Structure formats: C-alpha cells, structure tokens
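Okay, handing you the structure first.
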Amino acid sequence: MGHFWRWTGLLRLYDYAVRRREKRSGQSSSSRISQDLIDVLNILEIASVVISTHEEPLYFSPLAQTLGIIRDERISGEELLALIRVVRRTGVTQSGSIDLPRGPIGEGTRRLSVKVARIGNSDLIIALLSDESEAERIDAVRRDFVANISHELKTPIGALSILSEAVLGARSEPEAVEKFALRMQIEAKRLSDLVQEIINLSRLQDADPLLDAITVDIDEVIELAIVQSQLHADSRNIEIVRGDEVHLSAVGDRAQLVAAVHNLIENAINYSPDKTRVTVNSQARNGLIEISVIDQGIGISESDIDRIFERFYRVDPARSRETGGTGLGLSIVKHVARNHGGEVVVWSAPGVGSTFTLKLPIGEEIIEMDDNQ
Ligand code: ADP
C-alpha cells in the first residue's frame, strides 16, 4: 500500500502548490491546473489524469496514455469514469483496482490500482494510477515455484512407494529385500536433502544477512567449505587444491557464506571425472574479494549457462539425480551473493571445465596476531 501514502503526500503537496500560486496571482484556481502540479505529476512513476467537471481530461501524464487510460484524448474505461463520478458527487476519495483492456482488440487486460480524489476545494479531480502487472508477474513466479516443488517432491515419494511395494513382494528373497531397502535409503535421503534446501532457500529469500552482520574471515570460510567436501572428493580421487590465503574479511553471515562456497565445491566434484583437480582460489580485485572454484569437469554449454542459476534447472536431470543434486544449489549461491551485496559469475567450456567466482565486497583486512608479541 506504499503508493497510497505517496499519493496522500502528493495531494498535500498539490494543495500547498495551489495555495502558493493563489497567493502569488491573487486569483482563484478553481478550474486551472497549476504548473507546479504539472511539474510534480510529470516526474512521477505513476500515471495521472486531472479532470474538469465535464469529465474532460485537462491534463494527463504520458504514462496515462501508454497504459491506455487515455485514448483519443478521452478517459477510457467505465470503471474509472464511475469512480470519478462518485468523487464528484460525494467529494469522498475513492480507491481500488480496475482492469483496463491492453489494446483495442484482444482479451488481455492490465490491472491498475487507482486513487481518485478532489483536489483541495477546487472543482478539479485527480486520478492516480499504478500498474500492478509487475506484482502479478512476481506472484506468478512464486506460484511456479510451488508447482515445481510439488513436482520435485513427488518423484522421491513415488519411488519410495514403489520400492515399499517391491519389498513386500520380495519378502522371501533376502537379497532383493536388501537391494530395495538400500534404494529406499537413497530416496529418503534425497527427499530430506530437497526439503532442507527448500527451507534454506526460502530463509535466504526472507533474511537480510547485513542486518545482523558480523565480520567473517574469508580464509576460514574457504577452509570450512573444503573440510565439508573432503570425504566426497577423496571418494572420487579428486584433489582439492587451496590457493593462497587473502587475509580479508567480508561483512555478513558466516554459515551462509560457507554454504555458498561449499555448494560450488560440491558441484565442481559432481560434474568432474574421477582423478581430476578442483582448485579454490581467493584474491582481492577492484575492491572485491573473489573466491574462485575451478574444475576440470564436463563444463556447461553456452545455451545452458544463462539458466543454471534458476531454481530446479539442471543441464542433465539424470546425472544431477545420480549425484543427489536438487537443482537448488546454484540458486542458493546466487541468493547468498546478492544478499551480501555481491554476485556470482561463471566461465565454462564444455570438455574443459568451469570456473565459478563468488564476488563479495571487502570488509576489512585481517591482521594476523603474532604469538611472540
Ligand atoms: P544440482 O543440484 O543439480 O547440482 P545446481 O543448482 O547446483 O543443481 O546446478 C544446476 C546445474 O548446473 C547442474 O544440474 C549442472 O547441470 C550445472 N552445473 C553446476 N555446476 C557445474 C559445474 N561445476 N560443472 C558443470 N556443470 C555444472
């Protein structure tokens, strides 16, 4: 409802402008629009129309025309005209939402939130309108996310249900029972990983780590992230090489930063052949700390690279499933970077490898304490 506060403020501003002008010119402004008002309306990001007693627009902003509120210099849309008539009759400010056709043909409409009010004691009426399509688009993205989650959850749940039937059917064959039970464990773990990552992601979307920030030693973040991946790397004979330390800190949430670097290292291992190398470097450049995770893996094609940070996007869903991937890892990295005022970028060449670089604003230098002093 932020708009309404702004609108109310705007009307006050207008009253002030009218009074000032009246004082200056010594005449009533009842059916004249002040240039001050026009100047204010012109810089607003919302559409505006000032109407005379005869429903004739005396002024409309360019946006009012773009949005189709004004067509052929007349107000279009019965709903808006009805609100204007109510204000004229009662003098009471009206607000609400109206649907306007997007064009002269077709069924597409645009939802606008609108406020109509009489301007001071004059006989002028002002309508302020803002486009709610963007908010609706964000809602649609959210709905999509929920639909995706449901789909992703159904896969392991379906597998568990089939496997439990298989166990029942194979009661008398201990080997088969063991095989199915092991598969059930894998599916159950996938389900719990997925739920955990969904929780992590939604926390990240709500939280602002900078509100509750501490100074986080980046060398420590990298160290912790590597330790968490060491067993996984060993099991694949992948060597994790740690570059030089940076002796710098970032301001933010340590657990989130460790999780982000850890996700990058896990991906580097998952999408690389056995016996390769993953290098984690860090350096300061252009006022930013850059943490790079470099692999010698399968790489990512140009057509996929723009999409890998989307929630649930995987280049090869079968491979990602095999490695226990949820399709949320990079989405989490992107959110952590963004919440810390940084970004994550990627370079990749299929068959050569990938480099993911997490960039964060530098907090301060870490001064090593010398024990002998
Ligand atoms: P997942 O859980 O599937 O790994 P992510 O969000 O972490 O999900 O990554 C999305 C997709 O991006 C992966 O499924 C994979 O196809 C691709 N990807 C991520 N990191 C790498 C990498 N280091 N090398 C090659 N492909 C990668």
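Start at 1 and go down the list; that is how both ligands and their atoms are numbered. Here the structure is a predicted model, which means the values were calculated and not measured. In this chain, residues are counted from 1 in sequence order.
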Judged by non-hydrogen atoms, does N270 sit under 4.0 Å from ligand 1?
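So N270 does not count as touching ligand 1.
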Indicate yes or no: at least one non-hydrogen side-chain atom of D304 is less than 4.5 angstrom from one of Y313.
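The answer is yes; the side chains approach within 4.5 Å.
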Could you tell me if any non-hydrogen atom of G299 lies under 4.0 Å from any atom of ligand 1?
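Yes; G299 lies near enough to ligand 1 that a heavy-atom distance drops under 4.0 Å.
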Which ligand 1 atoms, with their elements, are less than 4.0 angstrom from a heavy-atom of V315?
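Close to V315: 14 (O), 16 (O).
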When you compare ligand 1 with N267, is there at least one nitrogen or oxygen pair between them that comes in under 3.5 angstrom?
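Among all N and O atoms of N267, at least one is under 3.5 Å from an N or O of ligand 1.
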Exercise: identify the closest heavy-atom pair between S272 and G297
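Nearest pair, atom of S272 first, then G297: OG-CA, 3.4 Å.
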Close side-chain approach of I98 to L83, heavy-atom, < 4.5 Å
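They are in side-chain contact.
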What part of L264 sits under 4.0 Å from ligand 1 if we count only heavy atoms: the side chain, the backbone, both or neither?
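The answer is neither; L264 stays 4.0 Å or more away.
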Name the option, out of Y271, F309, F312, that contains the heavy atom nearest to atom 13 (C) of ligand 1.
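Answer by nearest heavy atom: Y271.
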Would you check if R190 and T155 make a side-chain contact, meaning some heavy-atom pair closer than 4.5 Å?
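No - every pair of side-chain heavy atoms lies 4.5 Å or more apart.
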Under 4.0 Å to a heavy atom of T326 - the qualifying atoms of ligand 1, by number
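Close to T326: 2 (O).
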Return the option from G327, G353, P350 holding the heavy atom at the smallest distance from atom 8 (O) of ligand 1.
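That would be G327.
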Side chains of D316 and Y271: donor-acceptor distance under 3.5 Å anywhere?
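The criterion, which ignores hydrogens and geometry beyond distance, is not satisfied for Y271 and D316.
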Around atom 11 (C) of ligand 1, find the nearest protein heavy atom and jot down its residue, atom name and distance.
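The answer is Y313 O, 3.6 Å.
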Shortest protein heavy-atom distance from atom 3 (O) of ligand 1, along with the residue and atom involved:
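I find the closest protein heavy atom is S320 OG, 2.6 Å.
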Exceeds 12 heavy-atom contacts within 6.0 angstrom, atom CZ of R314
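Atom CZ in R314 is crowded, with more than 12 foreign heavy atoms closer than 6.0 Å.
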With respect to atom 6 (O) of ligand 1, which of V346, L330, I332 exhibits the smallest heavy-atom separation?
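The nearest heavy atom belongs to L330.
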Starting from atom 23 (N) of ligand 1, which protein heavy atom do you reach first, and at what distance in Å?
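Scanning the protein heavy atoms, the shortest distance from atom 23 (N) of ligand 1 goes to D295 OD2, 2.8 Å.
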pair R171-V177: side-chain heavy atoms closer than 4.5 Å:
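When only atoms from C-beta onward are counted, V177 and R171 do not touch, as no gap falls below 4.5 Å.
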Same cluster for V280 and I269 if Ile/Leu/Val/Met/Phe/Trp/Tyr side chains link at under 4.5 Å?
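Yes, V280 connects to I269 through the hydrophobic network.
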With the side chain counted from C-beta on, respond yes when L153 and L191 share a heavy-atom pair under 4.5 Å apart, and no when they do not.
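Touching, per the 4.5 Å side-chain cut-off.
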Should G329 be counted as touching ligand 1, given the test is an N or O pair under 3.5 Å?
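Yes - when backbone and side-chain N and O of G329 are compared with those of ligand 1, one distance drops under 3.5 Å.
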Any N or O on F356 sitting closer than 3.5 Å to an N or O of ligand 1?
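Min N/O separation from ligand 1 is not below 3.5 Å for F356.
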Treating Ile, Leu, Val, Met, Phe, Trp and Tyr as nodes and any side-chain heavy-atom pair under 4.5 angstrom as an edge, say whether I186 and I157 lie in one connected cluster.
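In one cluster with I186: I157, no.
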Can you tell which of D304, I300, I294 gets a heavy atom nearest to atom 26 (N) of ligand 1?
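Nearest heavy atom to atom 26 (N) of ligand 1 lies in I300.
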Among all the protein's non-hydrogen atoms, which is closest to atom 12 (O) of ligand 1, and how far away is it?
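Ranking protein heavy atoms by distance from atom 12 (O) of ligand 1, first comes I308 CG2, 3.3 Å.
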